[in-house]
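Per chain, numbering begins at 1; letters A, B, ... match sequence-line order. Hydrogens, waters and symmetry mates are skipped; everything else that's a heavy atom, side chains included, is used.
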Amino acid sequence: MKKIFADLHLHLNLKEPIATSRIINKTATLGYHLIAVPLPPETQADETAKLQRICREAKIDFAPRIDIKAKRPDDLMQQLRRFRRRFEVVCVVCESKEVARQAAKDRRVDLLNFPSLDARRRFFDRAEAELASNSLAALEIDMKPLLVLEGPARARLLSSLRRETAIAREFHVPIVVSSGATSEMLLRKPRDNAALASLFDLDDWSLAAVSENPKAIVERNRQKLSPNFVAPGIRVIREGNDC
Amino acid sequence: MKRSKRRYLALQIDFDGAPTPKEFIDAVWNAVTRLYGEYGASLTSLTLIAYNAENKSAVIRVALATLGMVKAALASITVIGNKEATVHVVAVSGTIKSLNKQLK
């Protein structure tokens, strides 16, 4: 069966429709079938519809995503309550340990992203992985810093990523490899991203990280957000007087 | 001596303009050296087989044992010469004949 490749982290400037359209067309050319674009919480429905139309024209599936940056755990809970049902992919950008822990144990969170390049500010350790393994959260790794950095900074980042992926594998936390691309030149083919992931020893998990894992997240959330969803494994198949 | 196994890679270059073959292969060598060091780069037996400036495509040959290393290094290329660039692997094959067949 043909693999479906996904990039769940594509940074687009919605105010520049030509550039947006160019990047979306490029992702389609590179072989992606599904993309997720982080949208600001105040995004209007017509802006999302416009993006959806561009993606439909490029024959690529689109999933709206939100990146939640919370200062405290209670702030995170509040934002999750507000946005969970409006976005198909919810990512928590973990900038503090408390927020990272709360995000890892919350079943409404899909992705955990650790943007810091400082190894001490990346909070994906064994405790975090254990919490994430009991919920539904996956570890998201962006490829952009790997492409942009050079020398000792890249070596340090690779070292952190190698440690994090080893922990994630030990606790069976799914890993999602995304581009985090802000321009066309930072986009890579899914298999090239998988090759880059071999730099931090993802090897046999790397193809799943660009295909099955992100696809599973979007499918699961689409089912949950569907009006027919009742509970995991239960959905309405028919309703009315003749049931 | 046992003959070493090789792989041929067809590449597509995203570049504003057309880099010279030397600029291109230097960028590939630089990327391999940056990621794996001089010793790692020496194991790759990297050779430029064909280069088409019009189509911005190239064919390189590498040692099979280092195929993964070279693919990662190619994906890490962001600059050729002094301009932004990207290199995509289009096809991989054991012979030039079958590579050409894949590309058709």
Of the backbone (N, CA, C, O) and the side chain (C-beta and beyond), which part of B/Val70 lies under 4.5 Å from a heavy atom of chain A, both, or neither?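 Neither part.
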Part of B/Ala85 lying under 4.5 Å from any heavy atom of chain A: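 Contact with chain A involves the backbone of B/Ala85 alone.
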Is a salt bridge present between [X] and [Y], judged by a nitrogen-to-oxygen distance below 4.0 Å?
X        : Y        : value
A/Asp67  : A/Arg65  : yes
A/Arg101 : A/Glu128 : yes
A/Arg121 : A/Glu95  : no
A/Glu57  : A/Arg53  : yes

Among B/Lys71, B/His88, B/Glu84, which has the most heavy-atom pairs under 4.5 Å with chain A?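 Going by pairs under 4.5 Å, I would pick B/His88.
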Most heavy-atom pairs under 4.5 angstrom with chain A, which of B/Asp14, B/Val89, B/Thr86?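 Sorted descending by pairs with chain A, the first entry is B/Thr86.
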For B/Gln102 and B/Val92, indicate whether the former's side chain and the latter's backbone hold a donor-acceptor pair under 3.5 Å.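 Checking the backbone N and O of B/Val92 against the side chain of B/Gln102, a donor-acceptor pair under 3.5 Å is found.
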For the side chain of A/Asp118 and the backbone of A/Arg120, is there at least one donor-acceptor N/O pair under 3.5 Å apart?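 It does hold such a pair.
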Side chain, backbone, both or neither: which part of [X] has an atom under 4.5 Å from a heavy atom of chain B?
X        : answer
A/Arg154 : side chain
A/Leu30  : side chain
A/Leu199 : side chain

